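Here the structure is laid out as structure tokens; the discussion comes afterwards.
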Amino acid sequence: MSQNHLYLVDGSSYIFRAYHRLPPLTNKHGEPVGAVYGYTTMLWKLVDALDKADGPSHLAVILDKDSKSFRNEIYAEYKAHRPEPPEDLRPQFPMIRDATRAFSLPCIEEAGYEADDIIACYTKAAVAEGWKVTIVSSDKDLMQLIEEPSPSGGGGVDMLDTMKNVRMGREHVIEKFGVGPELVGDALALMGDSADNIPGVPGIGPKTATKLLVEYGDLESVLAAAPEMKKSAMRDRLIEHADMARLSRVLVELDCAVALPMPLDDMALDGIPEEPLRAFLDHHGFKSLLLKIGGPAASPNASNRDFAAAIAGDGNAPKPGEASKPVAVVREHQPIDRSQYETVTTEAALDAWIAEARHAGAVAIDTETDSLDCITGRLVGVSMATAPGKACYIPIGHGGNDLLSEKPEQLSLALVTAKLDKLLIDEAVRKIGHNLKYDMSVLAQHGLEFRNFDDTIVMSFALDGGAGGHGMDELAQRHLDHACIAFKHVCGTGAKQISFAEVDLGTATEYAAEDADVTYRLWQVFTARMAAEGGTRVYQMVDRPLVPVIAAMEQRGIMVDRAELSRLSQGFESEIARLETTIHEEAGAPFTIGSPKQLGEVLFDKMGLKGGRKGKSGVWSTDINELERLKKDGVPIAQKLVDWRQLSKLKSTYTDALQEQINAKTGRVHTSYSLTGAQTGRLSSTDPNLQNIPIRTEVGRQIRHAFVAAPSHVILAADYSQIELRLAAHMADVPELKAAFARGDDVHATTAMELFGEVNRDTRGRAKTINFAILYGISRWGLAARLEITPDEAQAMISKYFERFPGISNYISETLEFARAHRFTETLFGRKTHFPRIDASNQAERQGSERAAINAPIQGTSADIIKRAMARMGPALRAAGLDATRMLLQVHDELVFELPEAEVEAARPIIEHVMANAAEPAVTLSVPLGIEIGTGPSWGAAH
DNA sequence: GCGGGAGGC
DNA sequence: AGTAAGGCCTCCCGCC
């Protein structure tokens, strides 16, 4: 290491944040340890970065000693309004010291000084020696200490927020305070700090403080200039409270007078003795961390049976002699070595791998094809992994055919699929895949099916929904600290992209076997975490069973009437052309109507129309609200623009695009569903998206009529009626709404009666808008815009709603409280959605997270319910002897089937029963789930 | 690759 | 202090 790099951990502030962020875990002794766990994992991460770039060479933890500082002497109110720490946090303070000692790290605290002061002293001392310093904290007071490295790259002080995983330098300080670190103290003195009860100048917040400092230079200059400022409340306050500002400045100054209790050199980090750490982790039962120091990951030959034992907490003890060996660095993972991967080209080798998979009891599998399309994609090879680092690739379809290259020596498709078939249906062997839906569809072309499987993409979603993506490369980076070979590195991109079948076997083996290897390792990580964090319920009961169901729906596809789409396209085209001519005439010159920028300029600059809004990028808004407003003002071009927009959208997105999506092999359209695409647990649909086919306008609805049943079949569409509102009534416990649903009443009318005392078209419509606004996390402004009333009137309406339905109000506050304490929300079935930004300092961002957190349990529970219905639908239909009824599509609260006319009457009650009872037995709802079913020759006709 | 706009729930 | 202000998605287009 060329330069010493000191990490100073602000332990006290960390545990408060960890406490609020993590669920209230207890260890096996019944002690609350949530914050301790968070603290331990943070230390682990820091220490593990020892030999990495920007990692620590020296490290110390600084804690507040429970005593007062000089600040209390000069200002009695300092930190006086702080509430006592919560009951279950207090016993965790001493454990923080235990944890630090378990890592054999120095832990420093001094009577009469706050941790911030000690951190400042060490920072200055280390910088004086030319060291680099990282302060691990998120306390804004400490931002005063941030310094740029010298031009030669030496020294420098930055801050690391381990929870948000961001490193903050000077530019972050300027972003937050509008001034550099040297003026942070002055800014704090002006604006005050409610957390520490520092007064500042009343009426001056961060924005004004920044403005003043930028204008006048520093605090003293601001105070000196105050009498000359133009008369305002602010000027008077600056004069009146100048002394308070000066006192505040002293309070926020970091005190560097303390003598260093430990020399810098003693903080060197060169090894963590394993034993005290193991004892500590074992005492608290932090199994996932224990695994990392003695777990099977350390041994490349460990099978998953060892792994299972490790999770269970036995069989994990180190061998004698190894037990107390100091580890230079606590390694989270064995690095991935691709050199041992095997290319399987003989039957004997294939047999050996399949035998190994049976012996191990678990095998990761990945298929390679020549296309992303799993319906027509040709199988090119299969990779397998039976332990970390132990992986192979079985080429099948490389070279040959129309490709110029020679066909390499490889096993035949028939042989490999026959042998794989036995392994895949073997209930005793767990098959692991990443996005197994794809592999299931590819292998289904050859008649293969999977029994006993895990899908790591779905496991990741169940554990970390909302906390990042779930692609394999991203997960490998996050959990294994490993960069996967990029597909484009192997096959290229764009015009030069080649098929995987053209890749040479050496490269193909490295790439494909690595995918299986990484999948296997991810499975180990997730299996351990599922046990520890309890994410199994929703995974095992809802998401995993859905994987083969979705794969089958995608394979079936839906029939589309190409001639009908083409007819619609032509009709739209001539209407679009006609509108275009008139629009250009009325505008006085031709322009690109599809360009919002040009359109805005035509309407508001050239034609001089009034009342336009500009967005943040400076272009005139021309969205539907603006156009509707112009229509009301009697601008004739507005209606034509609305029509033009609608028809262009329908033509380009639906009638043209859908024709191209018709699969040449099946003659049907096969969407692709993502099980992990929506934070709340909903599915999403792409290529094409069949979850946004128009229905609301007559002209749009024509597109639904082009989705047709096969000859002598019909389409059956089954909808959950108002499912989210029903779930809100249940979850928020609103007796009036529950009763209305139980009676089968019109619930919007019920709401209208409660709010307005009478039911007519107008009040019912308003009530409906409010009901939906509640589901989405209400705001007076949003509601005001929707109802075309003032924000004050909207607020009055919301207040009345909360008064009439106090359950809703309680639900919202309880949900937000939970989300802030745990960083996630949960559905009735235990699906978590994470909200890492729920306490963002940016208000818009925070409020966005809050609205999402209010919506997620409701939308997510609805998603869980329809997924359960889908998983049960096939077996229920088969049990009733309905062998030809097929589920084709899911549109969030709707299922679309294709079935022979002869099965309709028998299928109808079964579908209704499965959907209506899908929550049971896991959850019993206090509202009925209403189902509406329609049938017809097309999807449009079935509604 | 981004942002505006618009289709669905 | 004053701002902007409904949740979850995907797709198309113009524009840089």
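Just the heavy atoms: all of them, side chains too, but no hydrogens, waters or symmetry mates, feed the values below. Remember, predicted model here, so these are calculated numbers, not experimental data. A note on names: the letters A, B, ... follow the listed sequences, proteins ahead of strands, and every chain is numbered from 1.
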*Check each of A:Ile375, A:Val560, A:Leu888 against A:Arg668 using the side chain to side chain contact (heavy atoms under 4.5 Å, CB included) test, and report the only one that passes.*
A:Leu888
*With no hydrogens and no angle check, is any side-chain donor or acceptor of A:Lys800 less than 3.5 Å from a backbone partner on A:Leu755?*
yes
*asked:* Can you identify which nucleotide, out of B:dA6, B:dG8, C:dC8, has its nearest atom closest to the A:Ile624 side chain?
replied: B:dA6
*Please determine if a side-chain N or O atom of A:Thr592 lies less than 4.0 Å away from the OP1 or OP2 oxygen of C:dC13.*
no
*asked:* Given 3.5 Å as the limit, does a donor-acceptor pair link the side chain of A:Tyr673 with the main chain of A:Gln890, or not?
replied: yes
_Basic-acidic side-chain contact under 4.0 Å: A:Glu826, A:Lys832_ = no
*asked:* Under 4.0 Å, counting only non-hydrogen atoms across every strand here, what does A:Ser648 touch: a base, just sugar-phosphate, or nothing?
replied: nothing
*Any idea which of C:dC9, C:dA5, B:dG8 is nearest the A:Ser779 side chain?*
C:dA5
*asked:* Heavy atoms only, 4.0 Å cut-off, all strands: where does A:Leu775 land among base, sugar-phosphate and nothing?
replied: nothing
*Thinking salt bridges, do A:Glu788 and A:Lys632 make one under a 4.0 Å N-O criterion?*
yes
*How many Å lie between CH2 on A:Trp644 and P on B:dA6, as a whole number?*
11 Å
*asked:* Heavy atoms only, 4.0 Å cut-off, all strands: where does A:Gln646 land among base, sugar-phosphate and nothing?
replied: sugar-phosphate
*Calculate the interatomic distance between A:Glu660 atom CD and C:dC11 atom P; express it in whole Å.*
14 Å
*Which whole number of Å gives the distance between the P atom of C:dG2 and that of B:dA6?*
34 Å
*Figure out the CE/P separation between A:Met191 and C:dG2, and round it to whole Å.*
16 Å
*asked:* Please report the distance separating the C1' of C:dT3 from the corresponding atom of B:dG5, rounded so that it comes out in whole Å.
replied: 24 Å
*Nearest-Å distance, CD1 (A:Ile858) to P (B:dC9)?*
19 Å
*For A:Arg820 and A:Thr815, does a side-chain donor sit closer than 3.5 Å to a side-chain acceptor?*
no
*Base C:dC9 paired with A:Arg682 side chain (donor-acceptor, <3.5 Å)*: no
*What is the distance from CD of A:Glu845 to P of C:dA4, rounded to the nearest Å?*
17 Å
*B:dA6, C:dT10, C:dC8: which one has an atom nearest the side-chain heavy atoms of A:Lys649?*
B:dA6
*Which part of the nucleic acid, if any, lies within contact of A:Thr769, taking any heavy atom under 4.0 Å across all strands shown: a base, the sugar-phosphate backbone alone, or nothing?*
base
*Can you tell me if A:Gln859 and A:Thr680 form a side-chain donor-acceptor pair at under 3.5 Å?*
yes
*Return yes if some donor-acceptor pair links the side-chain N/O of A:Arg704 with the main-chain N/O of A:Gly940 below 3.5 Å, else return no.*
no
*asked:* Considering every strand and a 4.0 Å limit on heavy-atom distances, what is the contact class for A:Gln679: base, sugar-phosphate, or nothing?
replied: sugar-phosphate
*asked:* What is the separation between atom CG on A:Asp687 and atom C1' on C:dC12, rounded to the nearest whole Å?
replied: 14 Å
*Are A:Gln691 and C:dC8 close enough that a side-chain N or O sits under 4.0 Å from OP1 or OP2?*
no
*Rounded to the Å, how far apart are A:Leu641 CG and B:dG5 C1'?*
13 Å
*Closest to the A:Ser595 side chain: C:dC15, B:dA6, B:dG8?*
C:dC15
*If each of A:Arg237 and A:Ala852 is mapped to the nucleotide of DNA chain C with the nearest heavy atom, which maps nearer the 5' terminus, i.e. the 5' end?*
A:Arg237
*Compare side-chain N and O positions of A:Arg696 against OP1 and OP2 of B:dA6 and report whether any pair is under 4.0 Å apart.*
no
*Gap between atoms NZ and C1', on A:Lys614 and C:dT3 respectively (whole Å)*: 19 Å
*From the options B:dC9, B:dG5, C:dC12, select the nucleotide whose nearest atom is closest to the side chain of A:Thr653.*
C:dC12
*Is a donor-acceptor contact shorter than 3.5 angstrom present between the side chain of A:Gln843 and the base of C:dT3?*
yes
*Quick one: label A:Gly700 by what it contacts on the DNA or RNA (base, sugar-phosphate, nothing), any heavy atom closer than 4.0 Å.*
nothing
_Closest to side chain of A:Ser652, choosing from C:dA1, B:dA6, C:dC13_ = C:dC13
*For the side chain of A:Ser621, starting at C-beta, report the closest nucleotide among C:dG7, B:dG5, C:dC11.*
B:dG5
*Taking only the side-chain heavy atoms of A:Trp781 (C-beta and beyond), determine which of B:dG5, B:dG8, C:dA4 contains the nearest atom.*
C:dA4
*Would you indicate what A:Ile695 reaches in the nucleic acid, counting non-hydrogen atoms under 4.0 angstrom: base, sugar-phosphate, or nothing?*
sugar-phosphate
*Select base, sugar-phosphate, or nothing to describe what A:Gly205 touches, counting heavy atoms under 4.0 Å on all strands.*
nothing
*When we call it a touch if two heavy atoms are under 4.0 Å apart, what does A:Ala657 touch: a base, just sugar-phosphate, or nothing?*
sugar-phosphate
*A:Lys597 or A:Ser685, whichever maps to the more 5' nucleotide of DNA chain C*: A:Ser685
